[in-house]
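Side chains included, hydrogens not; waters and symmetry mates left out as well; all remaining heavy atoms used.
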Amino acid sequence: MSSCSGRENAKVVIVGSGFAGLAAAATLVKAGFENVLVLEAMERIGGRVHTTKPFTENIIEVGANWIHGQKGNPLFKIAKEENLLCEGPSASKNMCLPRSVTPRDYFFKEDGKQVSTKLVDQVCSHFSKLTDKAFDDELKHKHRKLSLGAYLDDAFGEFPLVATEDGQQVFEWCKRTECTDEACSSLYEVSSSQISYYTALEGGFFNTLGPGGYRAVLDVLLKDLPSGTIQCSAPVKSIRWDLVRKGHCEDQRYPVQVVCENGQSFEADHVIVTVTLGVLKDKASTMFEPPLPSTKLTAIEDLGFGIVDKIFLFFEKSFWQDDCAGVQVVWKEGPEDKDVYESLSEGEAWKKTWFKKITGFDTVARHPTALCGWITGREALYMENLQDSEIGDICVRLLRSFTGWSVPEVSKTLISRWGSDGVDGVKAHKALASPLPPKDKCRGNKHLQVLFAGEATHKNFYTTTHGAYLTGVREAERLISYYAN
C-alpha cells in the first residue's frame, strides 16, 4: 500500500454513537485518521447510556447504571482519572445494587408480612455461591447440560432452608433478580455452562458515578472528536459494500456507500457498524447490499436477547423509613418458580400477571422521594406497550398491598423502554464480530470494508458498557494496523 492512501485520507463512517461507536471514533482520531464521521439515528448521542435531568437538577439514569468491575476496565480508568466516581458510603447506599442485598432491604410477602432478614441473608448468600460456581465454570457434570434455572433448582434442593415456604419464595426472588443481572427473559432459557464465558472483572463490581452520571464519561470521549464528527437524527437505511469489482461501477472509488433514510449518502473506505443486537435483528436482512453472509445472519438470529427496563416512581414525599433501601416483593407463585414458568410457557396467560416479574422497588440516588422498579424479559416488553399511568397505578397497588403502609398516589413516572438487547453463544459472538468481506474471499487489500462492534460482538463482556467500549477500540485498532503496513 502506498503511503499516500494512508490513514489521514481513509474515510471511515461509524454507525451508532453509543460507547462502541464513540470509542472507535476517539481511537481513530487519536491515531491520525482525519475523515471520521459518526451517524446516529436518534436526536441524542450515547445509545444505551441515557442520563437525563427530567425533574430536578439531579440526574436519572434511564439506561446504563454501573461501571462493572475495576481491573482492566477502561471506563473505570477514565472515570477514576477524571474524578467522575461517586465516593463514600452514600455511593453504595444509594445505588440499588442487584445481588448485594443489605439488611436495609425490606422483603414483603403477599400477605403483607415481612420475611426475616436472617432468612433472606442465608438464602441470598447461598444463591450467590451457586451462581458463582456457574460463572467460575465449576459445575458438576450433571449440571453442565442444564439451563441455569434447572441447575439452581437442583443444587438449591440440597439446602435445608428450601423446605420452608419462605425459603422457597425468597429463592424465586433471587432467580428473578438474577434475570435482571443477566438481561435475560428467564433463567430457564440460559445455559448454565455458557454463563462461564461471561467475564466479570475484578474489583468492586458495581461502581457508581457521581452527579454527572454516565454522560460525564461520554463527554470525555467526545472532547477528543473534532466538531461536526457526529451527525444526529441520521438513521441509516442501507449499507452497500463491495462496490469496487471488475465490470461493476468502474469509476467507483470507494468500496462502501452508506445511505440514510433521508436520502443523504456517504462514501467510505470502511464502515464500523455498532448498532444494538435489537436493531440488527430488525434490519440486518434488509440493510446490507449484498446481503450479509449466512453465518452472520444466523448469529444475529441465534443471539437471544433480554430486556431490562426501569420504572421510576416519584412521590410528593417518601412513605418509607430512612433505613429502607428498597421494598422487595416475594410471591407465592413467582414467574421464576419452575412449575409456574412451565405452566405459563404456552399461551398468553402470563400477560395478566406481567407485574410479577418486577423484583422490587429500590431507593434512587439523589432523589429522596423516588423509587425504581426493575423488570426483565417478555414481561418488560409487554409493559412497554402500556400507558405510564397504568404502570404507575399497578405499582402503587403492589406497594400498598405488600407493605400495608399508606402509599400516596404517584406524582410522576419515568419508564424506560429499551426494546431489546443481546446475549449467548461464543460462536455467535465471534461470527458477529468478524469483518466483511471475509479475508479468504479478497483479492488484494479489499477486506475490512464493513466492521462490527458493540457489546453483542464481545464473547466475554456482552451486556456491559465496557464490553461495548472495548469492541469499538478493537475495530479501530484493526484499521490502525491495516494502515501501519
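At a threshold of 4.0 Å, the pair D137-R144 counts as salt-bridged, since one of the basic side-chain nitrogens sits closer than that to a carboxylate oxygen. In this structure, R474 does not pair ionically with E477, as no charged nitrogen and carboxylate oxygen lie closer than 4.0 Å. Between R417 and E384, none of the side-chain N atoms (NZ, or NE/NH1/NH2) sits under 4.0 Å from a carboxylate O, so this pair counts as no salt bridge. With salt bridges taken as basic N to acidic carboxylate O contacts below 4.0 Å, none links D111 and K332.
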* **Working for side chain to side chain donor-acceptor pair (under 3.5 Å), residues Y382 and E348** => CA-CA 11 Å; Y382 177 75; E348 310 272 277; over 6 Å; no
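Judged by distance alone, with hydrogens and angles left aside, the side-chain atoms of R400 form a donor-acceptor pair with the main-chain N or O of V407 at under 3.5 Å. Judged by distance alone, the side chain of S416 and the main-chain N or O of W418 form no donor-acceptor pair under 3.5 Å. In terms of modelled atom types and a separation under 3.5 Å, the side chain of E61 and the main chain of G63 share no donor-acceptor contact. Formation of a donor-acceptor pair under 3.5 Å by the S192 side chain with backbone atoms of H143 is found in this model. Counting only distance, with no hydrogens or angles, the side chain of S185 and the backbone of R378 share a donor-acceptor pair below 3.5 Å. In terms of modelled atom types and a separation under 3.5 Å, the side chain of Y151 and the main chain of L130 share a donor-acceptor contact. Distance alone, capped at 3.5 Å, is enough to place a donor-acceptor pair between the R366 side chain and the G210 backbone. Side chain of N73 to main chain of G69: a donor-acceptor pair is present (N/O by atom type, distance under 3.5 Å, no hydrogens or angles). Judged purely by atom type and a 3.5 angstrom limit, K281 uses its side chain to pair as donor or acceptor with the backbone of E301. A donor-acceptor pair is defined here as one N or O able to donate and one able to accept, closer than 3.5 Å; no such pair exists between the side chain of E455 and the backbone of T465.
Pairing each heavy atom of I358 with each of G373, the nearest pair is CG2-CA, 4.5 Å. The minimum heavy-atom distance linking I45 with E40 is given by the pair CA-CG, 4.5 Å. In terms of heavy atoms, T298 sits closest to S294 at OG1-O, 2.7 Å. The two atoms that bring L313 and G392 nearest to each other are CD2-CA, 4.2 Å, heavy atoms only.
A donor-acceptor pair shorter than 3.5 Å cannot be found between the side chains of N58 and H367. Between the side chains of T359 and Q328, not a single donor N or O lies within less than 3.5 Å of an accepting N or O. With no hydrogens or angles considered, no side-chain donor-acceptor pair links E172 and Q168 at under 3.5 Å.
Distance check, rounded to the nearest 0.5 Å: CZ of F319 to SG of C324 gives 8.5 Å. Taking CG of D153 as the start and NZ of K175 as the end, the distance is 3.5 Å to the nearest 0.5 Å. In this structure, CD on E178 lies 10.5 Å from CH2 on W173, to the nearest 0.5 angstrom. Between atom OG1 of residue T471 and atom NE2 of residue H466 there is a gap of 11.0 Å, rounded to the nearest 0.5 Å. Here the straight-line distance linking atom OG of S389 with atom CD1 of I394 works out to 9.5 Å at 0.5 Å rounding. Annotation: the span from I59 atom CD1 to T51 atom OG1 amounts to 5.5 Å, rounded to 0.5 Å.
The environment of E82 atom CD is dense: over 12 non-hydrogen atoms of other residues, nucleotides or ligands sit within 6.0 angstrom. By the neighbour-count criterion of 12 heavy atoms within 6.0 Å, atom NZ of K118 is sparsely surrounded, having that number or fewer from other residues, nucleotides or ligands. Counting heavy-atom neighbours within 6.0 Å of Q321 CD, excluding the residue itself, gives a total above 12. Residue-environment remark: CD (E138) exceeds the threshold of 12 foreign heavy atoms within 6.0 Å. Annotation: K356, atom NZ; neighbour count of heavy atoms from other residues, nucleotides and ligands within 6.0 Å is above 12.
Inter-residue side-chain proximity for L221 and D219 is flagged as unmet; no heavy-atom pair is nearer than 4.5 Å. By the 4.5 Å heavy-atom criterion applied to side chains, L371 and V327 are not counted as neighbours. Contact annotation: the side chain of T117 never approaches that of F107 to less than 4.5 Å [non-hydrogen atoms, C-beta and beyond]. Between C395 and V410 the shortest side-chain heavy-atom distance does not fall below 4.5 Å. Contact of the V271 side chain with the W241 side chain is not registered, since no non-hydrogen atoms from C-beta on lie closer than 4.5 Å. Between I415 and D309, the closest side-chain pair of non-hydrogen atoms is not below 4.5 Å. Between S186 and P335 the shortest side-chain heavy-atom distance does not fall below 4.5 Å. With contacts defined as side-chain heavy-atom distances shorter than 4.5 Å, the pair T413/I391 does not qualify.
Using cut-offs of 30° and 60° for the angle between ring planes, the F108 and Y106 rings count as tilted. Taking the six-membered ring where the residue is Trp, W331 and F355 present tilted rings, their angle falling between 30° and 60°. Ring-plane geometry between Y482 and H270 is classed as perpendicular, the angle between the planes exceeding 60 degrees on a 0 to 90 degree scale with a lower cut at 30.
Remark: aromatic rings of F19 and Y214 are close, center separation under 6.0 Å.
Just one of V170, V329, D166 meets the side chain to side chain contact (heavy atoms under 4.5 Å, CB included) condition when paired with K109; it is D166.
Remark: K296 qualifies as a cation-pi partner of F452 under the 6.0 Å distance and 45° angle criteria applied to the six-membered ring.
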